Amino acid sequence: MRIGTTLTNYTINKQKGFQGASGTFTGLLNDIAVACKRIADLVNKGDLVGVLGAADTENVQGEQQKKLDVISNDLMIEALQHNGHIAGLASEEMDEIHQLPKGARRGNYLVLCDPLDGSSNIDINVSVGTIFSILKAPEGVENPDEADFLKPGTEQIAAGYCLYGPATILVLTTGDGVSMFTLNRDFGEFLLTREHVRIPEQTAEFAINMSYRRHWDSPVERYISECLEGKDGLRGKDFNMRWVASMVAEVHRILTRGGIFMYPCDAKIRAAGKDGKLRLMYEANPMAMIVEQAGGAATTGTQRILEVAPQEIHQRVPVILGSRAEVERVEAYHG
Ligand code: P6P
């Protein structure tokens, strides 16, 4: 019996192509994988270890945090801050950039993460996930500040997520296609299970929260109405709908069988003074890189997500991503 290709084997082989690769990238991915394995363990145990339910705190978004949101964030900090692979960490769960302890070795990378996305699903035992984005750290900066993190998505070195579902699957792109690694709990390794993942160009499956329909802008209303008209309508085919309320699960479904995911801006979001619900730096950008690397597309409706110039670390954007032909149709309706 073989071991198979571990995440570490994979990234070391990938690094052979990186001039002057020092192995810190492999080390960084290993740190992220360790955090994800521990989060997977706690998500899997749930009530057995008392991690479900709400924490008595709010995050910077003013949203009630779940205990596992806070625990997952603490685990990401613990896994990342002592090994000399990063120079700073940004997280949905922290108002400010996390600076490394005084004296801790600084590394070549910055990590931005949503430690546990979809946490409203934890207490109902529906899939949730960790999302991460990796940037190059600025040369010779001991304590990178928010401005050092505010790079467009095109500058991401790598992006990925870990889906805590029936299987625990880590999905990664380093800019050369998308690969998937399934956790073998028997010996605690992520093993390569899929490579060169491609999203089907066409799809007949859309994901949007229909309960906001009365707030939608006309391009979104037009697109969804046409899908709902089915084969007797303009599209000439029936569509299926999904809404898991966990972006990681939606993106994984799209990588696996195609589809379009939409969290557009709408009148209600605009009235609250926001540009969207999902966050650019640690949700939209990493997912957009993954989707584009798998042949799909990711837009705000009027702009390629990866080209949005960030203004602040927790800013929100509209997100429409998935099968290229469908995303381009929605963009055309916004045109
Ligand atoms: P709604 C989870 O809270 C999240 O950020 C995404 O993972 C998910 O797609 C979306 O929000 C769900 O939002 O408004 O349907 O609860």
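All ligand and atom numbering here is 1-based and tracks the order in the structure. In this chain, numbering begins with 1 at the start of the sequence shown. It should be emphasised that the depicted structure is a prediction, and the values quoted were computed from it without experimental measurement.
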With a 6.0 Å cut-off (strictly less than), is the heavy-atom count around CD of E312, excluding the residue itself, greater than 12?
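Above 12, so yes.
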Modelled atom types, side-chain donor and acceptor of Y164 and T130, under 3.5 Å
yes
Do T174 and D176 pair up side chain to side chain, a donor and an acceptor below 3.5 Å, judged on atom types alone?
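Their side chains do not contain a donor-acceptor pair, so the 3.5 Å distance test is not met.
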So if I count the atoms of ligand 1 from 1 in the order they appear, which ones are less than 4.0 Å from some heavy atom of [X]?
X	value
A245	2 (C), 8 (C), 12 (C)
W243	12 (C), 15 (O)
F261	9 (O)
E283	5 (O)

Taking the side chain as every heavy atom from C-beta outward, state whether I224 and I208 have any pair of such atoms under 4.5 Å apart.
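SC-SC contact between I224 and I208 confirmed.
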Closest protein heavy atom to atom 7 (O) of ligand 1, given as residue, atom name and distance to 0.1 Å
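The protein heavy atom lying closest is D117 OD2, 2.6 Å.
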Identity and separation of the nearest protein heavy atom to atom 9 (O) of ligand 1
M247 N, 3.5 Å
For ligand 1, note which part of L278 has a heavy atom under 4.0 Å away: side chain, backbone, both or neither.
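Just the side chain.
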With heavy atoms under 4.0 Å as the rule, classify the contact between E250 and ligand 1 as side chain, backbone, both or neither.
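No part of E250 comes within reach of ligand 1.
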Under 3.5 Å: N/O of Y212 near N/O of ligand 1
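Yes, since at least one N or O of Y212 sits under 3.5 Å from an N or O of ligand 1.
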Can you name the residues that form a side-chain hydrogen bond (donor to acceptor under 3.5 Å, both in side chains) with E63, not counting sequence neighbours?
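If we apply the side-chain hydrogen bond (donor to acceptor under 3.5 Å, both in side chains) test to E63, skipping adjacent residues, the hits are N59, R279.
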Centroid separation [X] to [Y] less than 6.0 Å:
X	Y	answer
H85	F25	no
F132	Y161	no
W243	F261	yes

Where the closest heavy atom to atom 13 (O) of ligand 1 is concerned, which of M287, K277, R279 has it?
K277
Any atom of ligand 1 sitting under 4.0 Å from a heavy atom of S120?
no
